[in-house]
Amino acid sequence: MKRLFLNFLLVFCCSYSQAQDLPAFPFKLPAKKPDRVLSAAMNRLYDQYMAPTPQENELYSQFKYTELQGFDYHDGDGTISRRDPSKIIFANGKYYVWYTYRNTPVPPQGPDKANDTIPSSDWDLSEIWYATSLDGFVWKEQGVAISRPPKPQVGWRSVSTADILFFEGKYYLYYQGFMEISGKRGDDCPVTASYADSPDGPWTPCNKIVIPNGKEGAWDQFSIHDPYPLIYNGKIYLYYKSDYNGKPDLIRSSGLAVADHPLGPFKKNPLNPVLNSGHETTLFPFKKGIAAMVIRDGQEHNTIQYAEDGIQFEIAAHVSLMPNAAGPFIADAFDSKGNGRGITWGLSHFTNAGSRGKQHSILGRFDCDLSLDLDDPFMKKTGALLSPEIHFQNGLNKEQMQRIKSEKPGR
Ligand code: AAL
């Protein structure tokens with residue numbers, strides 16, 4: 001024990017005296033990691049990120065938002081909702097997006113009041129609709145892509161949260177197929193798919209579960225959400241999210257399932273979950289690997305992560321005001337050839353659009369610079385300021401205020 005302590009003292013004293021002799025860290029930030037002893041923070045600055053400043057970090061960006069034109073929300077009374085946009089593709093000279101569309105007599109009423117026409121949640125009793133646009137700002141709603149099939153087929157209760165794949169001349173839509181009212185136990189469902197020769201359909205349901213829930217006791221035993229396919233190394237890499245750990249401390253993480261053919265069989269990666277945080281899935285080919293936007297939930301929310309093999313993700317940037325459920329336009333989603341170029345815009349959703357009792361979601365556009373082909377210095381600034389009103393809106397609740405006021409001053 002005494003020897004151990006003496007050894008520790010020796011190492012500590014040596015590195016301390018070494019550090020004492022070090023010249024000061026230079027005023028001009030070295031572009032490359034300097035060959036000298038560094039603090040943990042400065043080591044990380046050079047080792048963890050693609051560049052030591054956010055301005056040069058290709059995976060750092062601000063997010064700017066624009067309202068969309070072309071969608072009607074029935075005066076925001078909560079009966080119409082659009083949410084969870086897919087990634088955006090360009091086909092037939094226009095942009096295409098798919099999304100969850102709910103048009104119900106009343107806004108969501110919770111699982112206990114739900115019935116054949118009353119929705120439990122914002123994505124209950126929904127269909128998958130699509131819209132097209134020439135510029136990404138003005139959209140023309142085209143109508144239904146996938147309607148609910150008859151009971152007992154997968155998705156009879158609701159079809160939601162779609163994403164698109166183009167593979168060998170055919171289009172594939174993957175989506176959540178609810179066979180029970182969402183919220184009864186949890187938000188439980190598997191993933192199914194439909195295919196078509198054109199993005200305008202008609203869509204043929206494959207009538208089967210494509211990504212099944214995990215076995216009893218597995219992290220993804222109850223829900224497979226947000227299916228998100230990309231082509232990577234010639235295979236279909238489908239990322240998905242699951243809720244686990246049980247209420248009230250629900251954890252959301254993402255897993256990966258890989259297949260040679262769009263309708264499977266999909267093999268789940270044994271290391272799943274491959275992202276420990278986040279909510280809806282948003283990923284894109286980047287350089288040789290895959291980048292992921294990790295939003296809202298978990299220890300690592302508000303980060304952009306990168307995995308050169310699409311599996312072992314590391315934090316590449318810390319960001320703020322991220323788009324929720326982002327569906328980016330990814331020109332090379334299915335054809336990146338190990339040279340992913342990144343993204344500059346997409347659609348996302350705002351789930352708190354309606355006032356109390358009028359709950360619904362709306363779609364909006366986000367812009368960013370997470371692209372190797374764009375260099376927009378406005379997107380690379382840090383510290384986006386929000387108005388005082390927004391901060392005060394995020395105020396203490398009654399309980400917290402009471403607790404604080406009942407505390408003895410000075411303690
Ligand atoms: C989301 C997604 C999935 C969930 C619900 C609708 O935004 O993660 O789609 O099931 O909420």
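Quick caveat: nothing in here was measured; it's all calculated off a predicted structure. Atoms within a ligand are numbered from 1 in the order they appear, just like the ligands themselves. Note that these values count all heavy atoms, side chains included, but never hydrogens, waters or copies made by symmetry.
Pairs engaging residues 336-356 under the ring pair (Phe, Tyr, Trp, His ring centres under 6.0 Å) rule: Tyr65-Phe350, Tyr95-Trp345, Phe329-Trp345 [sequence neighbours left out].
Around ligand 1, the residues contributing at least one heavy atom under 4.0 Å from the ligand are Arg83, Asp84, Trp123, Thr161, Gln176, Asp187, His225, Asp226, Lys241, His279, Glu280, His349.
Here the side chain of Asn245 pairs a donor or acceptor atom with the backbone of Asp249 at under 3.5 angstrom. Remark: side-chain polar atoms of Ser86 are paired, donor with acceptor, to backbone N or O of Trp98 under 3.5 angstrom.
For the pair Arg82 and Tyr73, the cation-pi criterion (under 6.0 Å, within 45° of the ring axis) is fulfilled. A cation-pi arrangement is present between Lys87 and Tyr228, with the terminal nitrogen or guanidinium carbon under 6.0 Å from the aromatic centre and inside a 45° cone about the axis. Both the sub-6.0 Å distance and the 45° axial angle are not jointly satisfied by Arg83 relative to the ring of Tyr99.
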